[in-house]
**Q** 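My questions will all concern the structure given below.
Note on naming: letters A, B, ... go to the chains in the order of the sequence lines (proteins, then strands), and numbering restarts at 1 for each one.
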Protein chains: 2
Amino acid sequence: MASDHTRSAILAAAERLYADRGFGDVTLRDIVAEAGVNLAAVNYHFGSKDELIAELFVTRSVQTNRERLRELKAAEEQGGGRAPIEVILRALVGPTLRGCLGPENQRSTAARFMIRASIESVPPIRRIKNREIDHLRKFAGAMRRALPERCDVDIYWGLNFALAMAHHTIRESERLTKLSEGKCDLDDVEDVVERVVSVATMALTARKTETKAPSRVAAR
Amino acid sequence: MASDHTRSAILAAAERLYADRGFGDVTLRDIVAEAGVNLAAVNYHFGSKDELIAELFVTRSVQTNRERLRELKAAEEQGGGRAPIEVILRALVGPTLRGCLGPENQRSTAARFMIRASIESVPPIRRIKNREIDHLRKFAGAMRRALPERCDVDIYWGLNFALAMAHHTIRESERLTKLSEGKCDLDDVEDVVERVVSVATMALTARKTETKAPSRVAAR
DNA sequence: TTGCAATTCAAACAGTTGTATGAAACTATC
DNA sequence: GATAGTTTCATACAACTGTTTGAATTGCAA
């Protein structure tokens, strides 16, 4: 196998450009110029533009997923097959939040790329995301073991809300900073993690209030 | 004035196509074919493709925002200038959820368009979303009045999490259905609204746990 | 009617895009 | 050092994009 030089130069350049300028306005020609390689090299090494994007995203995804599962497994082994719900949730949202938030100037290219992927969600990426379900099922299983009295529906909703808070906070971090006039410190990642985890934990452990139909505010 | 026929035909066709196929692969030629008008009509009536998209999104946005504020104002007047936090949150997330969830076959074109706008988030739409902050500030104000003992930071985080749960649930409704194997019923919109509202309310009213250490969180 | 502005239309424009080609330059093996 | 396989390169291609043009048509007022 020849040196991966060209191949990895393309990957690095593409990730950097996508992270900085988004998928919308980065062309193959931009990428090869940044990488200092020939235009045809992309199709030679990756087959197509979409496959290049897919490879970038898959690489970063499996990294995050591996980290999540490592935290989860460690916690469950320590607890004899059953981990506290807070720890499970922290394993779920921690790696993503830590990767994508924090001081901007020290945010990695990989993190900025993943933020873009979350915001712009281009077709090849969406296709991959849909295969992420098996991974989430493992967390659903751990959560069910942690809260055996909880019904499945509540487990899934709790999982959904935990991911919602983490991802939305990443996506809209800029807006939250502006809205709060800087009062919400998104650089304090551990604080963000604890906020998300604590709310998600409450959602999953709160006693069910048998809410009847809520009194809707007068319509019309 | 002249009959708006062409103009509104373009708007309707564009909204329908964008809702069905996303922004990525709908061209001006698709739109004018669907609308039965000439290609140049888009630039004549709207100036550019981006301005057409912007007008579509602005129209639907102000509709939702108006509805939100109507619910909020009604609730505050009824409570003498101070509404319960649940009601405020319901006014915040209810209109959006009701517009975008529910049985698919009876989901309006407008709703499906807004879902697309939320998922794909094309540049002209993002520009408009950034101006939505003033609107959110009104809700932050109402929440502060409802929870005067709560610090601003917590208010903003609660607002952020409420929007997170609502928007993420809309964006990923398909995935949640698949993950839960249909157990989470996203057609029961009022149930979804109550779940989001109740979790957001807990997030905003729970007593602060002064744990700053992320390693160990006191259970219960 | 005539005049004038608003609108519609077919056609072309100018640019960009991702991809394909076939020759040239390598690299390693015999 | 000839050979075969891999990789690079300049260039062309074909298709599609949003936009513009300028002439035709329409609608309405005087």
**Q** Figure out the CZ/C1' separation between A/Arg7 and D/dT8, and round it to whole Å.
**A** 16 Å

**Q** Tell me whether the count of non-hydrogen atoms from other residues, nucleotides or ligands lying under 6.0 Å of CD in A/Gln63 goes above 12.
**A** yes

**Q** How close do B/Arg98 and B/Val189 get, heavy atom to heavy atom, and via which atoms?
**A** CA-CG1, 3.7 Å

**Q** Could you tell me how far apart B/Asp25 (CG) and D/dT17 (C1') are, to the nearest whole angstrom?
**A** 14 Å

**Q** For B/His45 and C/dT8, is the shortest distance between a side-chain N/O and OP1 or OP2 below 4.0 Å?
**A** yes

**Q** Can you label the angle between the A/Tyr18 ring and the A/Phe23 ring as parallel, tilted or perpendicular, going by 30° and 60°?
**A** tilted

**Q** Would you tell me whether A/Tyr156 and A/Arg144 have side-chain atoms, one donor and one acceptor, within less than 3.5 Å of each other?
**A** yes

**Q** Report, one pair per line, the protein and nucleotides 19-22 of chain C atoms (nitrogen or oxygen only) whose separation is under 3.5 Å.
**A**
| from | atom 1 | to | atom 2 | distance (Å) |
| --- | --- | --- | --- | --- |
| C/dT19 | OP2 | A/Asn43 | OD1 | 3.4 |
| C/dT19 | OP2 | A/Lys49 | N | 2.9 |

**Q** Count the heavy atoms of every other residue, nucleotide or ligand shown that sit under 6.0 Å from NZ of B/Lys129, and state whether that count exceeds 12.
**A** yes

**Q** Check the distance between D/dG27's P and B/Asp4's CG and give it to me in whole angstrom.
**A** 15 Å

**Q** Take atom OH of B/Tyr44 and atom P of D/dG22, then tell me their distance rounded to the nearest Å.
**A** 16 Å

**Q** Using whole Å, what does the distance between atom C1' of nucleotide C/dG18 and atom CD1 of A/Ile10 come to?
**A** 14 Å

**Q** Do any side-chain nitrogens or oxygens of B/Thr27 fall under 4.0 Å of OP1 or OP2 in D/dC16?
**A** no

**Q** Around atom CD of B/Glu132, are there more than 12 heavy atoms of other residues, nucleotides or ligands at under 6.0 Å?
**A** yes

